[in-house]
Amino acid sequence: MSSEVVFDFDYLTRLEDSSRKLEASPQERFEMMLKAQREVDTYLEQLNLDHPMGWVIPPNETQVQSDLGQDKLVQLGPGQVQLGPGQAQSGPGQAQSGPGQAQSGPGQAQSGPGQAQSGPGQAQSGPGQALLDQEPHETEPLPIPEHGIGIDKVLRDFSRIGDQMEREGHPGHMAYVPGNSTAPAAIGDFLAASFNPYSLNVASCRRAVKMQQVIVQWVGRLFGYPDTCAGNLTSGGTVATMVAMATARDKKVPSSQDYHRCVLYVSELTHDGVAKCLSTLGMREAVVRKVPVDDRYRMDVNLLRKFIENDVQSNLLPFLVVATTGTTDVGSVDPVPAIRAVATQYNMWLHVDACYGGFFVLCNSAKHLFEGVETADSIAVDPHKGLYAPFGTGLVLVRNGASLRDSNTRHHGSYMQDQRTNPEDWNPEDLTFEQSAHFRAPRVWLPLQLYGVATFRDALQEKLELAKYLYLRLKCQPHIQVAEPVLSTVLFRIPGASDNINRSLLEEISADGRFFVSTTTVKGTLYLRACIFCYRTHRQHLDVFINKVKKAIVKMELEWEFCYAG
């Protein structure tokens, strides 16, 4: 017995009226964009304003001499820079600026004396500093409401993120590997989210697929890969590495019954995300060998070979070795050609982690560091580092694209059986495990189109020069031990001092919030670590940083003498 279906048209009308709120009019969308842009502009101002007078270099901090002695002339090669009071030249293509000027990155306005911080509820704040005058309930985001509230209140709440984050993109942010994002990258993300194409299938949006392929093939050519390579934009370096490792597993490991015999070889400075991928791939029982590094912080290839020989004799299965071009701790580069030779001898997959250092391949002065990368079976690189894209932008490349496709091709459900695809087209969804992925290409493509590759090359070359500049300036000083940089990371410490004393030096440098650096422990020694990567960081910022280091050491020496005398 069936019951009659009664349809309530009034109820449907009420639901329709409510759901149409999602269909904002063009004028409403435009007004929301304007208000959101004002909040973004306010935050970007804050990146160069970390005290009431702005990012102004006080006169006493522009002096290149201190109680520790006079800096010497530094030879940087072509374009030698003479150090002198008040000079603050910033590197290739950068204008000279002196006290009272605050140079900023692409699309950023200058700020000078008398400019105060602005924005709802914003107070003086540097890297890692949170507002102290907020009400307790304002430290948490607004709860999810049953009914909508106004855009003004929502944006006011959202803007507090800028007050409480560690100022990614600030010129003084030199901890970890600083994240950066340009205005065109944000616009590209907005366009991607607005058009919202399904960018993993040619039949759904061929042009979106082709835009991504343009980026992948361009990056492949940078590293010397053949046109038969394939890859994908991913959510980051870890996912890019995982896609590559899954492909390596499928090519080099006979079956899942062999997982417990499989051996992955990394250096002691390889990023911890690599080993993490094994668990996600279901290979938790595989063996991870950490190969020591040499005095230049590179994987010791002789020890690598010995480890492999011992494992083969123990009936284990060496299947993957990871070389790094730009370790996150030091910025060192593993000897890829020598590692390739070992990998070939033992029929292993060679993966190159170029997440941090990869895009330095654009710089003529650094190209030699990437010798042999073109022979690697796969590469992971992060546009959200070297191309200043927003976080969540990684890229995986596999030299033999067919191997990547074989590892990821799926059989579509019947609801997609009407698709007609050119056999020559490779769907991105067949080159990754992701299905409904964000259209990431515009955040990379749009800045490259607007600025050109040359702008990014110059910005990255400037960072290499700034790291060399910081190294040479610190090397001139007594009481400072500094390691020569390979890329844009500089390690330094007070030699002979305890770890606690060096941590105290870090606290002195970071006390006013204008600089955010970190520590790392390499081969058992703790160092302060400055990673110069943000496109807003220029020479005048490093001049201030160097003098803060000098003054911090002077202050600490006086305290030591006082304590000793007491």
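Quick note: residue numbers are just sequence positions, from 1.
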Which pair of heavy atoms, one from [X] and one from [Y], lies closest together, and at what distance?
X: Thr238; Y: Gly273; answer: CG2-O, 4.1 Å
X: Arg443; Y: Gly392; answer: NH1-O, 3.2 Å
X: Ser488; Y: Ala467; answer: CA-CB, 3.6 Å

May I ask you to test the [X]-[Y] pair for a side-chain heavy-atom distance under 4.5 Å?
X: Met242; Y: Leu281; result: yes
X: Leu395; Y: Asp382; result: no
X: His541; Y: Val544; result: no
X: Tyr388; Y: Pro383; result: no
X: Gln481; Y: Phe492; result: no
X: Lys385; Y: Phe533; result: yes
X: Phe319; Y: Met283; result: yes
X: Leu487; Y: Tyr356; result: yes

Identified side-chain contact (heavy atoms from CB on, under 4.5 Å) counterpart of Val330 within the set Val486, Thr489, Val522: Val522
Does the distance from a Lys or Arg side-chain N to an Asp or Glu carboxylate O, for [X] and [Y], drop under 4.0 Å?
X: Lys548; Y: Asp512; result: yes
X: Asp543; Y: Arg539; result: yes
X: Lys468; Y: Glu465; result: yes
X: Arg305; Y: Asp300; result: no
X: Asp294; Y: Arg296; result: no

Criterion ring-ring contact (aromatic ring centres under 6.0 Å, His included) on Phe370 and Phe360, from CA distance to verdict: CA-CA 9 Å; Phe370 297 90; Phe360 283 112; 7.9 Å; no
Can you run down the side chain to side chain donor-acceptor pair (under 3.5 Å) pairs that involve residues 321-330, sequence neighbours left out, and say none if there aren't any? Thr327-Ser332, Asp329-Thr520
